[in-house]
Amino acid sequence: MTFTIGVTGHRNLHGNEHDIIHGIKYIVFHLLEENIQEANLSVNTISGMALGADLLFVKAMVDARRYYKEHHVPFSITAAIPFKGQCDRWNNACRHLWSELLDQCD
């Protein structure tokens, strides 16, 4: 059984980044945990790599992937970059974060 999980959301999120990332991981964990014993379980996550919810989702999935790989569950993170130069107009800090997270994607 393959789970494909994508996210879309807002750029300007209200709340603590740590709490938002924890909430995303909590939802994914509960979605997958009841199926973790399923033979051939695999997970594919997809992010559009935009500022806000998309990048927080990738941060959360990097942590989640570590956990599931320890449980021998194939887990990929796909960067669905919508166009070349997506982050070119962003400030340096945002471009750096985007690049770091892109490096974590499969």
Side-chain angles (χ1 to χ4, degrees):
M1 174 183 296
T2 300
F3 279 86
T4 301
I5 305 167
V7 69
T8 185
H10 294 280
R11 178 173 292 189
N12 298 317
L13 301 173
H14 301 287
N16 178 296
E17 181 178 305
H18 174 75
D19 291 343
I20 294 168
I21 291 170
H22 179 75
I24 293 168
K25 289 191 289 189
Y26 179 83
I27 291 167
V28 170
F29 176 81
H30 282 284
L31 174 68
L32 298 176
E33 199 56 29
E34 62 189 52
N35 296 291
I36 198 165
Q37 301 304 324
E38 180 82 27
N40 300 318
L41 174 65
S42 64
V43 180
N44 180 36
T45 62
I46 304 170
S47 171
M49 300 297 288
L51 290 174
D54 291 20
L55 292 184
L56 291 180
F57 178 73
V58 174
K59 283 183 175 184
M61 293 304 95
V62 168
D63 289 343
R65 178 175 57 191
R66 268 187 235 113
Y67 172 81
Y68 285 101
K69 284 198 173 188
E70 289 175 6
H71 290 84
H72 309 289
V73 174
F75 194 109
S76 67
I77 303 170
T78 301
I81 300 168
F83 59 92
K84 185 178 180 176
Q86 177 185 23
C87 68
D88 288 353
R89 295 184 180 177
W90 300 353
N91 67 41
N92 287 337
C94 291
R95 283 196 312 268
H96 181 72
L97 173 63
W98 184 88
S99 180
E100 281 185 347
L101 291 174
L102 181 61
D103 288 345
Q104 296 294 314
C105 293
D106 299 294

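- Listed for the Gln104 side chain is no donor-acceptor partner under 3.5 Å among the backbone atoms of Ile77.
- Met61 is not connected to Ile27 by any chain of hydrophobic side-chain contacts under 4.5 Å among Ile, Leu, Val, Met, Phe, Trp and Tyr, and they are in different clusters.
- No donor-acceptor pair under 3.5 Å is formed between the side chain of Arg65 and the backbone N or O of Cys105.
- Counting only heavy atoms from C-beta outward, the side chains of Leu55 and Trp98 approach each other to under 4.5 Å.
- Once rounded to the nearest 0.5 Å, the distance linking CG of Leu102 with OG of Ser47 reads 10.0 Å.
- Residues Ile5 and Val28 form a side-chain contact, since some pair of their non-hydrogen atoms from C-beta on lies under 4.5 Å apart.
- Atom NE2 of His30 is surrounded by more than 12 heavy atoms from other residues, nucleotides or ligands within 6.0 Å.
- Within the 4.5 Å cutoff, the side chain of Ile24 has no heavy atoms near those of the Lys59 side chain.
- Under a hydrophobic-cluster definition in which Ile, Leu, Val, Met, Phe, Trp and Tyr are linked whenever side-chain heavy atoms come within less than 4.5 Å, directly or via other members, Tyr26 and Val58 are assigned to different clusters.
- What you find for Gly48 and Gln86 is that their closest heavy atoms are O-NE2, 2.9 Å.
- Contact check for Tyr68 versus Glu70: no side-chain heavy atoms found under the 4.5 Å cut-off.
- Side chains of Thr2 and Val43 form no contact here, defined as non-hydrogen atoms less than 4.5 Å apart.
- Atom CE in Met1 sits 10.5 Å away from atom CG in Leu32 (nearest 0.5 Å).
- Atom CZ of Arg66 sits about 5.0 Å away from atom CG of Asp63, to the nearest 0.5 Å.
- Of all heavy-atom pairs spanning Met49 and Ile81, the tightest one is CG-CG1, 4.2 Å.
- Under a hydrophobic-cluster definition in which Ile, Leu, Val, Met, Phe, Trp and Tyr are linked whenever side-chain heavy atoms come within less than 4.5 Å, directly or via other members, Ile46 and Leu41 are assigned to different clusters.
- Ser42 contributes no side-chain N or O that, together with a main-chain N or O of Pro74, makes up a donor-acceptor pair within less than 3.5 Å.
- No side-chain donor from either of Thr78 and Asp106 sits under 3.5 Å from a side-chain acceptor of the other.
- At a threshold of 4.5 Å between non-hydrogen side-chain atoms, the residues Tyr67 and Phe29 count as touching.
- Across all their heavy atoms, Phe75 and Ala64 have their closest contact at CZ-CB, 3.9 Å.
- At distances below 3.5 Å, at least one donor-acceptor pair connects side-chain atoms of Thr45 with backbone N or O atoms of Ser76.
- Rounded to the nearest 0.5 Å, atoms CZ (Phe3) and CG (Leu31) are 5.0 Å apart.
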